[in-house]
Amino acid sequence: MGVRGKVRMSVSVVKAAMKEMRRSVTYMPRPGDGTPRGVTLIPGDGIGPLVTNAVEQVMEAMHAPVYFEKYEVHGDMRRVPEEVLDSIRKNKVCLKGGLRTPVGGGVSSLNVQLRKDLDLYASLVNCFNLPGLPTRHDNVDIVVIRENTEGEYAGLEHEVVPGVVESLKVMSKFCSERIAKYAFEYAYLNNRKNVTAVHKANIMKLADGLFLESCRQVATKYPGIKYSEIIVDNCCMQLVSKPEQFDVMVTPNLYGNLVANTAAGIAGGTGVMPGGNVGADHAVFEQGASAGNVGKEKILEQKMANPVALLLSSAMMLRHLQFPSFADRLETAVKRVISEGKHMTKDLGGVSTTQQVVDAVIANLN
């Protein structure tokens, strides 16, 4: 064999070795784990049908072992229909687009209703830098875990006398403890090193004091995880000046909404940040931040909504369903498209349509 032949052979051997190195230790499924799983699908309002259809196309292209049960739910309904709740209780998992939340008036948020009816007590939003998407800060990888069922979002408001409204903030030891436990358990299972509790206990000494007390008690059970506390207004300042200092953040309801949206904006925008809501029995996956934001009319008309956030949330859903290789394929394909920078929607500085981004993701599936 000549020198060239030996070189070609050594190169092919190296490539094969590198391919093998990329493959991790195998996932061993239990018998029957490949059975297709039902997922309740709520397209929602505004851009919701556009981005949920993007997920449907990618799942079909991957031959992912899921099938969707689709229901029409809109933010101007008085309640989430009982048949939709029954479907989620049966399937245990739901994927949803945004549901428009009316501002003022007597119609309550269906996003909040859904969380309460299914006791989805933990909201999780992962805010991180995506290679190829320039941002002001590097090395951002924050997970915001927010209590989802009480606090200011309890909706306990009434007019005491004409012109005077009382809004109650309800905090309980039970809910504070279980969100703290979830945050530390998440950190432990995902090899995260720090958990920061966000609060305003310097002013709301009883309510937020109870939240902090619960976090401190849970922290003692996880000596390998560093625990710290930060007042919410200082937290917002620190987020926009030095976000890389944060790892896992655990918050009461209202603060978590503000912190998650701020972190999402820092890391690249709400259009690319995945998230979900989980309880003991059910999980609902959606765009990570601004679940009530259903997009502008012009974006909908131009069909230029960004599907990345919901595609990455779908990867989270696939891991939740114990389909890790499908989740890896989807996440890798999305990150390749962002890294290449050829197919970006308007919010990321591009001119691509939703469908063009979907086609690019499908083309990058392995």
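Predicted model, so just to flag it, every value in this text is computed and none were measured. Counting from 1, the numbers follow the sequence of the chain as shown.
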Could you see if [X] belongs to whatever hydrophobic cluster contains [Y]? Use Ile, Leu, Val, Met, Phe, Trp, Tyr and a side-chain cutoff under 4.5 Å.
X      : Y      : value
Val284 : Val278 : no
Met249 : Leu212 : no
Val80  : Val39  : no
Leu312 : Leu124 : yes
Ile266 : Tyr255 : yes

Go through the side-chain N and O atoms of [X] and [Y] and say whether any donor and acceptor fall under 3.5 Å apart.
X      : Y      : result
Lys96  : Asn111 : yes
Glu166 : His158 : yes
Asn277 : Glu286 : yes
Asn257 : Asn261 : yes
Arg37  : Asn91  : no
Thr196 : Glu229 : no
Ser87  : Glu69  : yes
Gln217 : Lys173 : yes
Thr354 : Gln356 : no
Asn366 : Arg336 : yes

Pairwise distance [atom1]([X]) to [atom2]([Y]) - rounded to 0.5 angstrom:
X      : Y      : atom1 : atom2 : value
Ile142 : Glu244 : CD1   : CD    : 8.5 Å
Thr353 : Leu50  : OG1   : CG    : 8.5 Å
His282 : Lys90  : NE2   : NZ    : 11.5 Å
Asn364 : Arg329 : CG    : CZ    : 12.0 Å
Ser352 : Met304 : OG    : CE    : 7.0 Å

Met204 and its side-chain contact (heavy atoms from CB on, under 4.5 Å) partner, picked from Asn202, Leu206, Asp208: Asp208
Pair His320 and Phe285, ring centroids less than 6.0 Å apart: yes
Six-ring centre of Phe184, Arg192 cation under 6.0 angstrom, axis tolerance 45°: no
4.5 Å side-chain heavy-atom contact, [X] and [Y]:
X      : Y      : answer
Phe211 : Ile179 : yes
Cys175 : Thr149 : yes
Ser167 : Leu156 : no
Arg78  : Leu110 : no
Thr40  : Val93  : no
Asn194 : Phe246 : no
Val358 : Val58  : yes
Val351 : Lys346 : no

Distance-only, no hydrogens or angles: does the [X] side chain make a donor-acceptor pair with backbone N or O of [Y] under 3.5 Å?
X      : Y      : result
Ser214 : Leu210 : yes
Asn190 : Tyr186 : yes
Asp117 : Leu114 : no
Asn148 : Leu120 : yes
His74  : Asp76  : no
Glu177 : Ala180 : no
Gln57  : Ala54  : no
Glu147 : Gly151 : no
Thr251 : Gly256 : yes

Residue pair Phe128, Val140: steps toward the side-chain contact (heavy atoms from CB on, under 4.5 Å) verdict: CA-CA 5 Å; Phe128 55 92; Val140 177; 5.8 Å; no
When you check the gap from the basic side-chain N to the acidic O, do [X] and [Y] get nearer than 4.0 Å?
X      : Y      : answer
Glu185 : Lys181 : no
Asp281 : Arg89  : no
Lys226 : Asp247 : no

Residues Leu254, Val232; criterion side-chain contact (heavy atoms from CB on, under 4.5 Å); working and verdict: CA-CA 10 Å; Leu254 178 61; Val232 63; over 6 Å; no
Step-by-step side-chain contact (heavy atoms from CB on, under 4.5 Å) determination, Ser314 to Leu318: CA-CA 6 Å; Ser314 300; Leu318 288 168; 5.5 Å; no
Trace of the side-chain contact (heavy atoms from CB on, under 4.5 Å) decision for Gln287 with Ser313: CA-CA 7 Å; Gln287 178 176 301; Ser313 296; 5.6 Å; no
Aromatic plane relationship, Tyr121 with Tyr182 - under 30° parallel, 30 to 60° tilted, over 60° perpendicular: perpendicular
Full working for salt bridge (Lys or Arg N to Asp or Glu O under 4.0 Å) between Lys70 and Glu83: CA-CA 11 Å; Lys70 191 181 298 187; Glu83 63 177 357; over 6 Å; no
